[in-house]
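Heavy-atom basis, side chains included; hydrogens, waters and symmetry copies ignored.
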Amino acid sequence: MINDIKDFKNVFFIGIAGVGMSAIAQYLAGIEKNVSGSDRYFKADEYNETKEKLEAEGIQCFVQNGEGITSATDLVVVSTAIEDTVAEVQKAKQLNIPILRRSEVLALIAAK
């Protein structure tokens, strides 16, 4: 269970290209979390400015197909725009990885 910002190290964002999601991802990377994520707008072999900026900050980005979530992932963050049918949500559930909404992660940050 994730009750504190110290309760996770390897976090994966589904929908990381969104303004709110990317800001939280960048903050967490700045406090030494291992951050990665995916977005439906990331396409293989296609330039994406947001992806380029995130990767320049050491945030690994993936197409939204589930490959970025591994057994090392200890938290998945989703926005309200992410449906339960998304492959990565299903993979996180199969691996029993906690899933928090963006607002819940913001609350953890604010409580720090």
Side-chain angles (χ1 to χ4, degrees):
M1 180 119 193
I2 306 290
N3 295 312
D4 189 278
I5 201 157
K6 296 175 186 168
D7 292 343
F8 62 91
K9 180 69 178 162
N10 302 302
V11 57
F12 188 91
F13 284 78
I14 305 173
I16 197 169
V19 174
M21 293 285 274
S22 63
I24 296 169
Q26 291 168 322
Y27 172 80
L28 292 176
I31 62 166
E32 307 301 314
K33 301 293 184 184
N34 296 320
V35 180
S36 58
S38 68
D39 201 279
R40 69 182 90 194
Y41 297 112
F42 297 164
K43 307 289 184 207
D45 303 320
E46 188 176 298
Y47 174 78
N48 182 289
E49 183 178 0
T50 302
K51 180 181 177 197
E52 182 177 89
K53 288 178 180 179
L54 291 169
E55 288 178 336
E57 294 186 37
I59 298 171
Q60 191 172 9
C61 295
F62 297 89
V63 296
Q64 202 170 63
N65 64 7
E67 71 185 35
I69 295 177
T70 69
S71 59
T73 306
D74 49 18
L75 175 64
V76 170
V77 180
V78 297
S79 72
T80 54
I82 303 301
E83 304 87 6
D84 279 349
T85 56
V86 171
E88 289 159 320
V89 172
Q90 296 300 312
K91 186 170 183 181
K93 287 179 177 183
Q94 289 170 356
L95 295 173
N96 294 315
I97 299 169
I99 301 172
L100 293 180
R101 297 262 178 223
R102 179 180 58 90
S103 58
E104 294 171 308
V105 175
L106 278 174
L108 292 176
I109 292 168
K112 183 177 185 252

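Ile82 and Ile99 fall within the same hydrophobic cluster, where Ile, Leu, Val, Met, Phe, Trp and Tyr residues are linked whenever their side-chain heavy atoms come under 4.5 Å apart, directly or through other members. Both Ile5 and Leu75 are members of a single hydrophobic cluster when ILVMFWY side chains are connected at heavy-atom separations under 4.5 Å. With hydrophobic clusters built from ILVMFWY side chains whose heavy atoms lie under 4.5 angstrom apart, Val76 shares a cluster with Phe62. Both Ile59 and Leu106 sit in one connected hydrophobic cluster of ILVMFWY residues. Membership requires side-chain heavy atoms under 4.5 Å apart, directly or through other members. Linking ILVMFWY side-chain heavy atoms closer than 4.5 Å, directly or via other members, places Leu95 and Val35 in two distinct hydrophobic clusters.
Among pairs with a residue in residues 78-96, those fulfilling salt bridge (charged side-chain N to carboxylate O under 4.0 Å, His left out) read Asp84-Lys93, at least two apart in sequence or across chains.
Contact check for Phe13 versus Ser36: no side-chain heavy atoms found under the 4.5 Å cut-off. Two residues are said to be in side-chain contact when any heavy atoms from C-beta on lie closer than 4.5 Å; Phe12 and Val77 fail this criterion. By the 4.5 Å heavy-atom criterion applied to side chains, Asn34 and Val11 are not counted as neighbours. The shortest distance between side-chain heavy atoms of Leu100 and Leu108 falls below 4.5 Å. Contact of the Ile69 side chain with the Gln90 side chain is not registered, since no non-hydrogen atoms from C-beta on lie closer than 4.5 Å. Side-chain contact between Gln64 and Ile14 is present, with heavy atoms from C-beta onward closer than 4.5 Å.
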Evaluate the side chain to side chain contact (heavy atoms under 4.5 Å, CB included) criterion for residues Phe42 and Ile16: first the C-alpha distance (whole Å), next the side-chain angles of each, then the deciding distance (0.1 Å), finally the verdict.
CA-CA 10 Å; Phe42 297 164; Ile16 197 169; 3.6 Å; yes
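At distances below 3.5 Å, not a single donor-acceptor pair connects side-chain atoms of Lys9 with backbone N or O atoms of Lys6. A donor-acceptor contact shorter than 3.5 Å links the side chain of Lys33 to the backbone of Phe8. Using a distance-only test at 3.5 Å, with no hydrogens or angles considered, no donor-acceptor pair links the side chain of Asn10 to the main chain of Asp74. Asp4 places no side-chain N or O within 3.5 Å of a backbone atom of Asp7 that could act as its donor or acceptor partner. Side-chain atoms of Glu104 come within 3.5 Å of backbone atoms of Arg101 as a donor-acceptor pair (strictly under, hydrogens ignored).
Note that the SG atom of Cys61 and the CD atom of Glu55 stand 4.5 Å from one another [nearest 0.5 Å]. For the atom pair OG of Ser38 and CG of Asn65, the computed distance is 8.0 Å after rounding to the nearest 0.5 Å.
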Using atom types as modelled, flag every donor-acceptor pair under 3.5 Å from a side chain in residues 17-30 to any protein atom, sequence neighbours excluded.
from: Ser22; atom 1: OG; to: Gly18; atom 2: O; distance (Å): 3.0
from: Ser22; atom 1: OG; to: Val19; atom 2: O; distance (Å): 3.2
from: Gln26; atom 1: NE2; to: Glu57; atom 2: OE2; distance (Å): 2.9

